[in-house]
Amino acid sequence: MPELPEVEVIRRDLVPKVEGRRIVEARLAERRLTRRCGTPRRVEAALVGRRVTRLRRRGKFFLFDLDGDSLVVRLGMTGQLLWWENGEGFHPDRHTHACLTFDAGGVLSYRDIRKFGEMFILPTAALEHTLQLGVEPLSSEFTAQALREICRAPTRIKPLLLNQTKIAGIGNIYADEALFRAGVRPTRRAASLGPNELRSLRDAIRAVLRAGIRHRGSSIANYRDASGEPGQFAARHRVYQRHGEPCLVCGTVIRRILLGQRGTHYCPGCQR
DNA sequence: AGTACGCCCTGGCCGC
DNA sequence: TGCGGCCAGGGCGTAC
C-alpha cells in the first residue's frame, strides 16, 4: 500500500524521465479514475500537448505540474505508476487503466487492481485548497511543537496519525512502525502525550519515513516502484504484520487489534 | 467533536 | 478442482 515513502521513491525515479517532457498521447480507460472531478475524455484532452514542468509530491499524491494546471495521481491501495523506456515491454493488461506517451517515446502507465486510486486535473493554484492536506512530516515545519498542536485533540493517537488533513502521507504501516519506535501505544489519547513522548514520536515519524525511502518502500500486497521492482523495507518492519511473533527488542509477543477499523500492530512490552 | 460502519474493488486464502 | 464466503484497507459519506 503506497504511503509517503513509496510515492517518494517512485517520484524520484520518474523525475529524470518526465520533467521537461511533453505528453503526446493520453489514454484513460477507467471512469472511476476521474470520479473526484472531470471525465476521462476531458483529462485526456487537457493532457495532450502539455509539458511536465515539475513532478512534485504532496502527502501520498503525485503532482505533475503542467504550466498552470497539475495532473494529480493518488495510488490508493494497489495503484502502480510504471515507466517503460521507449515503450519497450509495455503490454497493458486488464488492470492497466491509463497510459501517457511522452515526446521522447517513454510511456507512463497506471495500473490499479482495486481501483481505489484516482487521476484528475486541477489548476495548480487550487491544489492546496482542494486536497486539504496537513503538514509534510519531512519538512522543517513538522517540529515537535507542530505535533503538539496537532495532538490537542481527544482522539487516539493512531487515527490522528492517519488523518491526512493533520499530517500528510502517513498510512497504516508507517503509523504502526513510528508508534513502536516512539514507545507509544496506538490506543493512547493524543492529548495525553507528554513533551518527551511528542518529541520522540516526531523523531520516530521522520526516521521511519526516511528509512522507508532509503529501502525503496514497503512491498506488502503489490507495491512496485516505477521499474516494477519491489521495495525492501518490509523486511525491516518491527511490528507491522508481525503479530504472534516476538518483539525484536523485548521478546513480548506482538499483538494485533482493530483501531478505527484498521489492523493495528504493537508491542505491549515496549509501547506504553 | 470523535467514533462506528458501510461502501468501493479485487485477488488471495480458507473450508468444504 | 471448484466454489462460496471472508478479508485487507485509504478515503469518503452517513449516522450516532
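Each chain gets a letter, A, B and so on, in the order the sequences are listed, and its residues count up from 1. Quick note: numbers below take in every heavy atom, side chains included, and nothing from hydrogens, waters or symmetry partners.
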query: Does a nitrogen or oxygen in the side chain of H95(A) sit under 4.0 Å from OP1 or OP2 of dG11(B)?
result: yes

message: By a 5.5 angstrom centroid cut-off and a 30 degree plane limit, is there stacking between F116(A) and dG10(C)?
response: yes

query: Just checking R256(A): base, sugar-phosphate only, or nothing, at a heavy-atom cut-off of under 4.0 Å?
result: sugar-phosphate

field: Ionic contact status for R58(A) with E136(A), cut-off 4.0 Å
entry: yes

- prompt: Which part of the nucleic acid does Q164(A) contact within heavy-atom distance under 4.0 Å: base, sugar-phosphate only, or nothing?
  reply: sugar-phosphate

task: Using a 4.0 Å heavy-atom cut-off across all strands, classify Y240(A) as base, sugar-phosphate, or nothing.
output: sugar-phosphate

task: Take the protein atom CZ of R156(A) and the nucleotide atom P of dA4(B), then report the distance between them rounded to whole Å.
output: 7 Å

query: Would you say the base of dG10(C) and the side-chain of R262(A) have a donor-acceptor pair closer than 3.5 Å?
result: yes

- prompt: In whole Å, what is the span from the CG atom of L75(A) to the P atom of dT10(B)?
  reply: 17 Å

- prompt: Taking only side-chain nitrogens and oxygens of R32(A), does any of them come within less than 4.0 Å of OP1 or OP2 of dC9(B)?
  reply: yes

task: When you get a sec, tell me which of dC5(B), dG10(C), dG11(B) is the closest nucleotide to the side chain of Q261(A)?
output: dC5(B)

message: Once you apply a heavy-atom cut-off of 4.0 Å, does G263(A) come out as touching a base, just sugar-phosphate, or nothing?
response: sugar-phosphate

task: Using a 4.0 Å heavy-atom cut-off across all strands, classify R36(A) as base, sugar-phosphate, or nothing.
output: sugar-phosphate

message: I need the CD-C1' distance between E118(A) and dC7(B), as an integer number of Å.
response: 15 Å

message: Between C1' on dC7(C) and NE2 on H243(A), what's the gap in Å once rounded to a whole number?
response: 12 Å

task: Please determine, by modelled atom types, if R111(A) and Q80(A) share a side-chain donor-acceptor pair under 3.5 angstrom.
output: yes

Whole-Å distance separating the CZ atom of R74(A) from the C1' atom of dC9(B): 13 Å

field: Distance in angstrom units between R189(A) CZ and dA1(B) P, rounded
entry: 16 Å

- request: Report yes if a side-chain nitrogen or oxygen of T155(A) is closer than 4.0 Å to either non-bridging phosphate oxygen (OP1 or OP2) of dT3(B); otherwise report no.
  value: yes

field: Selection from dC5(B), dC9(B), dG10(C) that lies nearest to any side-chain heavy atom of R114(A)
entry: dC9(B)

Whole-Å distance separating the NZ atom of K158(A) from the P atom of dG2(B): 17 Å

- prompt: So which of L133(A), L63(A), D69(A) actually passes side chain to side chain contact (heavy atoms under 4.5 Å, CB included) with L127(A)?
  reply: L63(A)

- line: Distance col, row R148(A):CZ vs E197(A):CD, nearest 0.5 angstrom, shows 11.5 Å

field: Separation of atom CG in L258(A) from atom P in dC5(B), rounded to whole Å
entry: 10 Å

- request: Could you verify whether a donor N or O on one side chain and an acceptor N or O on the other, from T96(A) and D93(A), lie under 3.5 Å apart?
  value: yes

field: Audit row: T264(A), K158(A), side chain to side chain donor-acceptor pair (under 3.5 Å) steps and yes/no
entry: CA-CA 9 Å; T264(A) 297; K158(A) 175 164 174 190; 3.0 Å; yes

message: If you compare every side-chain N and O of K115(A) against the phosphate oxygens of dT10(B) (OP1, OP2), does one of them come in below 4.0 Å?
response: yes

